[in-house]
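Following: one structure in structure tokens, then a few remarks.
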Amino acid sequence: MKNFAPQVSEYWKKVAVTTVLVGIVASTAACGGAAQPATKVEPAASGNASLSDLLPADIKAKGSITVGTQPDFEPANYTPIGEDGVKGFNIDLMDAMAAKLGLKVTYQKVPFDQLLVGVQNGKFDASIAGMTDRPGRQEKVDFVDYQVAGTVFMVAKGNPKKITSEVNGGCGIKIGGVKGNDDERLVKLMAEACTAEGKPAPELVTFPTGSDKNLALTSGRVDAMFWPDMAVSVVQRETGGKLESVPVNFEEKVFLGMIFNKQTPQLRDAFLKATEAIHADGTYDEILKKWDVAVIDLPKPGINLAK
């Protein structure tokens, strides 16, 4: 079985990361949904003066930022049933970084595919939702990469379609996806491999949210779905153990990051320093341990690491 390795392999060798496999969540999205009510979070500390001095003058004077996130991506960023706010390891990480900078955070909950455009048009100062850093996306926004992720297939218990880990291991199947994430790209890779062998291409069936995608898989309307490796345990719990995972060996580990408007490099750089600060004082590791997601650990964060 192939070991996942991050894109930008030379960089990965330099940082010498050791990961502990657990499980992860895939991104979800819907098009055209309105932003949900904001959630205000107080910083956990008054901030580090030397770090807060790195902020743009207007942000420092205001003392707060607006951050876009998606609300249904457990354990990364989600709204528990019966609650209004957002929780998850991404929220804890953002709160910890903002605290280092002396900032309050207002979270705006929107579908995944509205996060990038929201940062571009200035609706949000930043976004945190585990977005995959891609060179094409770097043309629109800047990434502060702070974690890595691998991908698996989630399939029905017993894997009745006998889907394998290879790029041609799911020819002719239906794959559930969500608009705005990487499903289309991955299905295209599979389709090219299958048709080259004279086999039927897999079909991508899109749904509004990750929950809809999960339901489609458990009800048999689709045969598989892509899922980030850190949240396998979450989706198994939510579906009553009806699903199991199959590694995806044709997708390398990728960098995930917060995103910032390309016109605000000073804010981006301040958050990079804040990310380094929560690594240095152990807060980053404590948050990953709390949420049991050590698999995402990226010891050396950076800007636009995907090449």
Between the main-chain N or O of [Y] and the side-chain N or O of [X], is there a donor-acceptor pair closer than 3.5 Å?
X    : Y    : value
T206 : K179 : no
D125 : T66  : yes
E244 : G158 : yes
Q266 : L54  : yes
S64  : K104 : no
Q263 : G122 : no
K262 : Q138 : yes
K273 : L101 : no
K307 : N304 : yes
N90  : N77  : no

Subject >> With E184 via side chain to side chain contact (heavy atoms under 4.5 Å, CB included) - residues at least two apart >> reply: L204

**OP:** Report the residues that fulfil side chain to side chain contact (heavy atoms under 4.5 Å, CB included) with D223, sequence neighbours left out, ordered by chain and then residue number.
**Re:** K161, I173, K174

**OP:** Return yes if a side-chain donor-acceptor contact under 3.5 Å exists between S211 and N214, otherwise no.
**Re:** no

**OP:** State whether a side-chain donor-acceptor pair under 3.5 Å links S219 with R221.
**Re:** yes

Subject >> 4.5 Å side-chain heavy-atom contact, T275 and M258 >> reply: yes

Original post:
Is there a side-chain contact between R185 and E251, using heavy atoms and a 4.5 Å cut-off?
Top reply: yes

**OP:** Identify the two heavy atoms, one from L217 and one from A156, that lie closest to each other, and give their separation to 0.1 Å.
**Re:** CD1-N, 4.4 Å

Subject >> Non-hydrogen atoms of D145 and A306 that approach each other most closely >> reply: OD2-N, 4.2 Å

**OP:** Any pair with a residue in residues 266-299 that passes ring-ring contact (aromatic ring centres under 6.0 Å, His included), sequence neighbours left out, goes on the list, sorted by first then second residue, please.
**Re:** F260-F271, H279-Y284

Subject >> NZ/K62: more than 12 non-hydrogen atoms of other groups inside 6.0 Å >> reply: yes

Original post:
Would K60 and D53 pass as an ion pair if we require N to O under 4.0 Å?
Top reply: yes

